[in-house]
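These notes concern the structure reproduced below.
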Amino acid sequence: MAVNTEAANFIHAIINEDLKAGTYGGRVHTRFPPEPNGYLHIGHAKSICLNFGTAARYNGLCNLRFDDTNPSKEEVEFVESIKEDVRWLGFDWEDRLFYASDYFEQLYEFAVQLIKLGRAYVCDLSPEEIREYRGTLTQPGRNSPYRDRSIEENLDLFRRMREGEFEDGSRVLRAKIDMASPNLNMRDPVMYRIMRQTHHRTGDKWCIYPMYDFAHPLSDYLEGITHSICTLEFEDHRPLYNWYLETLGLQNRPKQIEFARLNLTYTVMSKRILRQLVEEGVVSGWDDPRMPTISGLRRRGVTPAAIRDFCERIGVAKSNSTVDIGLLEHCIREDLNKSAYRVMAVLRPLKVVIENYPEDLVEELDAENNPENPAMGTRKIPFSRVLYIEQDDFLEDPPKKYFRLSPGKEVRLKHAYIIKCERVIKDEKTGEIIELRCTYDPTTRSGGESGNRKVKGTLHWVSARHAVKAEVRLFDHLFLVPNPEEEKDEQGYRALLNPNSMEVLTSCLVEPGLAHATTDKRYQFLRQGYFALDPKDSGPGKLVFNRIVSLRDSWAKIRNSGS
RNA sequence: UGGGGCGUCGCCAAGCGGUAAGGCACGGGACUCUGACUCCCGCAUUCGUGGGUUCGAAUCCUACCGCCCCAGCCA
């Protein structure tokens, strides 16, 4: 694969400079470093695509590394789901699956070295005292009374910390930097804390665990990472990242580069709120199709290709931004337009009887599976005297520019005939329209010689005798407002929830071939949207379709602006 | 009132002293047996604001203004 050195974003520009200067001997090595304490969401997808994508772009490598330095919040369940999600997105870490916990022994040795260098010390201050000594944003901190312990004493104390002689929280190891630094991260940051917690990988081997700021640069170093890409909030930590590497005298030091994390309109990326949505039952789980999680998007039917394309298009920069969810939807449509099987499904059925069509006749009509891609072939669909069309496709008293069916009007049934509405049958009591009596023009069969008469509207339909029942779930944005996380509502996010984010339709009728639908395929229900089988709730004899995204609907715009 | 960032079209985002890319959204039109797709056309005399340097500034200098992040023994 050829190396692409055209700058696509500021990170690539930095890498190009490094390549030109020979900084890392021409190597590019990145890593995606999730903490296994939750499920991945589309914001992580941006980081995954950036890290793996950048490596690929420069013929480099990208590691998957779990940042598991805090056993009190981390679980194996999450490491498995994260691996699955990264793989599903289409990326391969090959044999480079690592854990920060793989390096606990080496990190301990680095800490010992810093003590020997006189640049780290054991501090007996309580957490509250440490906070007080740290000072504030505008006032410098004060030195800990334990700051000047001898190297020997520090070495001894740190060893005994490891050996479990002291209580949780009673002591910490701190870097000795500068309590007056305007950067609070440099005011003698904690390197190790005592915490008796069983770790998901190291079990009870350790009772001291390193902090992120200490573990991260050294993990990067140990893996030979060249460009350590992280989000903006770590910008303040970069001096500390560099301090550890420089103070330890390490060569070929990785370079931390920060970029803005992804925000999307009408949803939230906050792990805390997402967890609340799950725990409070607002959604059915982390993989609820309305969730911005990778597992939610996957269950909904979104393809990895669409997500990758989206991550490509949003760009990478340093300004906080909130991307219009319409762009994601556009990427999904663009991908599915090429690959989805066209089928007909009636979501809200309205009975239609073709009065001049023979009672027992069934015609097998030809239908193309994807007009964008003839290679996807054709299929047969049955046509008969009694059909169902969409309730929305009939209006007794239509407005101007309404191309669909109404009394006395003609419309084409897709792949079939032109029909004309002769009579409307209503429920005597409620006045509800329950059936349409129509006639068809036998000369207008699709594909036939005289079948080219033009009518303005074309409807989708199913044959009553042949149709298969299905449940269809229509999804909408989870929130009513574009920026729910900015809203300062006393009731929290709850008041901002979209009460109609899911609509379940249980009496849908789909064309018979869909009885054999599979979860690996995407379907375009003609004139409606893209759908996929719900992998969890569908089963033998039970079809449950999720709407991935609707088709664009310019009629809806006309209708809405008119009224 | 300390430090670190960021401010280019409704939303993203190129641009790095030579006279504002692109995508999404939006508006108009063509095509259409999906009001889909596709295709045309339109969409910042202006780059947070004010000064300055220059033949020439979104790009350099300067002073303001606005927004984000930091006071976890979280990451």
Side-chain angles (χ1 to χ4, degrees), chain A residues 7-9 13 33-35 37 67 69-70 72-74 123 125-127 130-132 134-141 168-174 181-187 189-195 208-209 211-213 215-216 230-239 258 260 265 271 312-331 333-334 337-338 342 344 371-372 401-404 411-416 418 444 446-447 451-460 482 524-529 550-559:
Chain A
N9 59 51
E35 182 188 15
N37 73 341
D67 227 322
T69 56
N70 185 351
S72 67
K73 329 189 340 191
E74 296 151 4
C123 179
L125 253 25
S126 70
I130 285 186
R131 192 183 337 117
E132 285 164 26
R134 185 156 34 224
T136 69
L137 294 178
T138 50
Q139 291 163 236
D168 283 15
S170 61
R171 286 185 161 89
V172 292
L173 183 71
R174 291 228 249 171
S181 171
N183 181 347
L184 305 223
N185 294 300
M186 301 300 271
R187 320 242 263 227
V190 172
M191 293 167 58
Y192 271 91
R193 71 281 217 188
I194 304 173
M195 180 171 24
I208 57 171
Y209 290 97
M211 299 289 290
Y212 165 88
D213 283 319
H216 207 87
C230 65
T231 45
L232 251 30
E233 67 270 27
F234 292 103
E235 215 150 13
D236 284 344
H237 297 237
R238 193 183 340 132
E258 312 84 11
T265 56
K271 220 171 250 185
E312 193 65 40
R313 292 201 199 203
I314 55 178
V316 178
K318 295 192 70 157
S319 60
N320 290 313
S321 59
T322 302
V323 175
D324 188 339
I325 196 155
L327 180 58
L328 208 214
E329 294 169 350
H330 173 264
C331 293
R333 289 190 186 104
E334 191 171 84
N337 179 47
K338 294 176 297 189
R342 268 57 171 178
M344 294 201 286
E372 307 282 328
K401 296 264 195 75
Y402 186 78
F403 302 157
R404 283 111 99 141
V411 88
R412 162 142 243 136
L413 294 181
K414 180 77 179 173
H415 304 309
I418 291 175
T444 57
S446 294
N452 291 323
R453 188 150 70 84
K454 302 286 185 205
V455 285
K456 199 63 181 154
T458 300
L459 309 186
H460 60 275
Q524 186 195 93
F525 289 3
L526 239 46
R527 303 206 303 133
Q528 305 192 96
S550 68
L551 248 32
R552 291 186 63 197
D553 186 356
S554 56
W555 167 242
K557 282 179 195 165
I558 297 168
R559 194 208 306 130

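In what follows, every chain begins at residue 1, and chains take the letters A, B, ... in the order their sequences are listed. In this text the structure is predicted, and so the values were computed from the model without any measurement.
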Atom CG of A:N37 to atom C1' of B:C74: distance rounded to whole Å? 9 Å
Going by purine N1 to pyrimidine N3 plus the second Watson-Crick contact, or the G-U wobble pair, all under 3.5 Å, which nucleotide sits opposite B:A13? none
Value in whole Å for how far the P atom of B:C37 lies from NE2 of A:H330: 8 Å
Closest approach to the side chain of A:K414, judged atom by atom: which nucleotide of B:U34, B:A75, B:G35 is it? B:U34
Identity of whatever pairs with B:U59 - Watson-Crick or G-U, under 3.5 angstrom: none
Rounded to whole angstroms, how far apart are CG on A:D236 and C1' on B:C68? 11 Å
Carboxylate-amine/guanidinium contact A:E35 A:K271, below 4.0 Å: no
So if I define the base as every atom that isn't primed, P, OP1 or OP2, how would nucleotides 27-32 of chain B read as a B/S/- string at a heavy-atom cutoff under 4.0 Å? -----B
Watson-Crick or G-U wobble partner of B:U1, both distances under 3.5 Å: none
Applying the Watson-Crick and G-U wobble criteria at under 3.5 Å, what pairs with B:G72? Answer none if nothing qualifies. none
Measure the acute angle between the ring planes of A:Y212 and A:H237, then classify it against the limits of 30° and 60° as parallel, tilted or perpendicular. perpendicular
Going by ring centres under 5.5 Å and near-parallel planes (under 30°), is A:W555 stacked on B:G35? yes
When all nucleic acid strands are considered with a 4.0 Å heavy-atom cut-off, which category describes A:F234: base, sugar-phosphate, or nothing? base
Would a distance-only check, ignoring hydrogens and angles, find a side-chain to backbone donor-acceptor pair under 3.5 Å from A:S181 to A:M186? no
